Novice: 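Quick one: the structure is below, and I'll ask about it shortly.
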Amino acid sequence: YGKGISDSLPDEEYFLWCTAWLNLCVKKLKPGGSFFIYNIPKWNIRIASHLEKFLNFKHWIAIDSTMSMPIAGRLYPSHYSLLYFVKGDKPNTFAPPRMPIQTCVKCGAEQKSYGGYKRKLNPEGISLKDVWLDIPPVRHSKFKNRDANELHLKLLDRVIEMSTKEGDLIFDPFGGSGSTFAVAELKGRRWIGAELGT
């Protein structure tokens, strides 16, 4: 969020506002189109329940966002959720990237034992999981381009690569710092976006 922008509303008012723009997006989404919502779990639980009336649920992706911010009386919040829905039975494009085998930073050893089946793994890498530990939050000022809320380009790159082809159209109704638009340009996708802040 930039200066002067706030979504500090009573819970029910915020959810009604969400359902209004969600319904418009669902209406405009083409058959086979992918729909992603990035939010805290508190809201994505309700949003997922609403979207299931119109779209097919594909995945709840947990994005690690560990911060040193304990909250009294609650479990330590350490992830955002990325909901993935599709209009229709299957997406027009579903091409999740393969991931390298994770290794220990100190010793270089593989972090997971494959129980003697390593030779059967795809040579291009491991299948993408629904828990993403490799997307750092954009917090430090030296990495930020704007005061607005900014998502890491790696997150948008993965989502766009996974769910679109070159020339496809992407719509982001909350453009924020423009991360979606920047990645769309780099990946040869067409895009439309909106944002209240400047």
Side-chain angles (χ1 to χ4, degrees), residues 1 34-45 47-48 57-86 90-91 93-166 168 170 172 174-189:
Y1 301 101
S34 296
F35 194 92
F36 291 87
I37 303 288
Y38 181 78
N39 208 328
I40 59 174
K42 170 187 174 175
W43 290 115
N44 268 353
I45 288 168
I47 287 170
F57 173 80
K58 288 287 287 176
H59 295 282
W60 174 295
I61 301 164
I63 312 287
D64 180 61
S65 64
T66 303
M67 302 179 257
S68 300
M69 193 175 80
I71 299 173
R74 290 177 49 196
L75 294 178
Y76 177 81
S78 67
H79 85 283
Y80 270 76
S81 68
L82 179 66
L83 296 177
Y84 175 19
F85 281 83
V86 172
K90 62 184 223 173
T93 302
F94 182 65
R98 293 271 174 184
M99 305 301 290
I101 294 174
Q102 288 188 327
T103 56
C104 175
V105 180
K106 292 181 181 175
C107 69
E110 291 176 3
Q111 289 191 327
K112 179 174 165 112
S113 166
Y114 293 94
Y117 294 99
K118 186 175 174 192
R119 70 183 187 285
K120 294 183 180 182
L121 294 176
N122 187 313
E124 293 181 20
I126 308 297
S127 297
L128 184 65
K129 299 185 289 185
D130 62 4
V131 177
W132 296 354
L133 303 172
D134 62 336
I135 309 287
V138 181
R139 286 202 194 94
H140 196 283
S141 59
K142 73 178 180 180
F143 300 115
K144 290 175 79 73
N145 296 312
R146 288 181 52 195
D147 289 335
N149 188 30
E150 197 166 338
L151 296 179
H152 201 284
L153 294 180
K154 190 174 186 178
L155 172 63
L156 282 307
D157 183 83
R158 187 169 294 163
V159 166
I160 287 171
E161 277 289 321
M162 181 168 67
S163 61
T164 65
K165 295 189 289 273
E166 200 166 317
D168 282 352
I170 296 166
D172 186 343
F174 302 99
S177 62
S179 303
T180 302
F181 315 139
V183 175
E185 285 282 332
L186 291 169
K187 296 289 178 178
R189 274 59 164 181

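Atom set for the values below is all heavy atoms of this structure, side chains included, hydrogens, waters and symmetry mates excluded. In this text the structure is predicted, and so the values were computed from the model without any measurement.
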Novice: side-chain contact (heavy atoms from CB on, under 4.5 Å) with D134: which residues, sequence neighbours excluded?
Specialist: M99, W132, K154, R158

Novice: Which heavy-atom pair separates G188 from E166 by the least distance, and what is that distance?
Specialist: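 Scanning both residues, the minimum pair turns out to be O-CG, 3.4 Å.
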
Novice: Do T164 and T93 have side chains that get closer than 4.5 Å, going by heavy atoms?
Specialist: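 Sidechains of T93 and T164: no contact.
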
Novice: Please check: side-chain N/O of S179 versus main-chain N/O of H152, any donor-acceptor pairing under 3.5 Å?
Specialist: no

Novice: Apply side-chain contact (heavy atoms from CB on, under 4.5 Å) to residues L156 and D172 and explain how you reach the verdict.
Specialist: CA-CA 11 Å; L156 282 307; D172 186 343; 5.5 Å; no

Novice: Return the set of residues passing side-chain contact (heavy atoms from CB on, under 4.5 Å) with F85 (not counting sequence neighbours), or none when no residue passes.
Specialist: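 Residues passing side-chain contact (heavy atoms from CB on, under 4.5 Å) with F85: F35, A48, L51, E52, L55, F57, L83.
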
Novice: Are any of the side-chain heavy atoms of H59 and K129 separated by less than 4.5 Å?
Specialist: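 Heavy-atom side-chain distance check fails, nothing below 4.5 Å.
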
Novice: When rounded to the nearest 0.5 angstrom, what distance separates CG in D130 from CG in L82?
Specialist: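 D130 CG to L82 CG: 10.5 Å, rounded to 0.5 Å.
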
Novice: Do V159 and Y38 come close enough that some side-chain heavy atom pair is under 4.5 Å?
Specialist: no

Novice: Which pair of non-hydrogen atoms, one from S34 and one from S163, has the smallest distance, and what is that distance?
Specialist: OG-CB, 3.6 Å

Novice: Atom CG in D168, atom CD1 in I160: separation rounded to 0.5 Å?
Specialist: 10.5 Å

Novice: Taking all non-hydrogen atoms of both residues, which atom of A184 and which atom of I170 are closest, and how far apart?
Specialist: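 Minimum heavy-atom separation between A184 and I170: CB-CD1, 4.1 Å.
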
Novice: Rounded to the nearest 0.5 Å, what separates atom CG in D64 from atom CG in L133?
Specialist: 5.5 Å

Novice: Kindly write out the residues that satisfy side-chain contact (heavy atoms from CB on, under 4.5 Å) with I45, not counting sequence neighbours, or none if the list is empty.
Specialist: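 Per chain and number, I45 pairs via side-chain contact (heavy atoms from CB on, under 4.5 Å) with W60.
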
Novice: Measure the spacing between CG of L128 and CZ of R98 and express it to the nearest 0.5 Å.
Specialist: 9.5 Å

Novice: Distance from I61 atom CD1 to F36 atom CZ, nearest 0.5 Å?
Specialist: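 Answer rounded to 0.5 Å: 6.0 Å.
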
Novice: Restricting to non-hydrogen atoms, name the atom on L151 and the atom on S177 that form the minimum distance, rounded to 0.1 Å.
Specialist: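 L151 and S177 have their closest heavy atoms at N-OG, 4.5 Å.
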
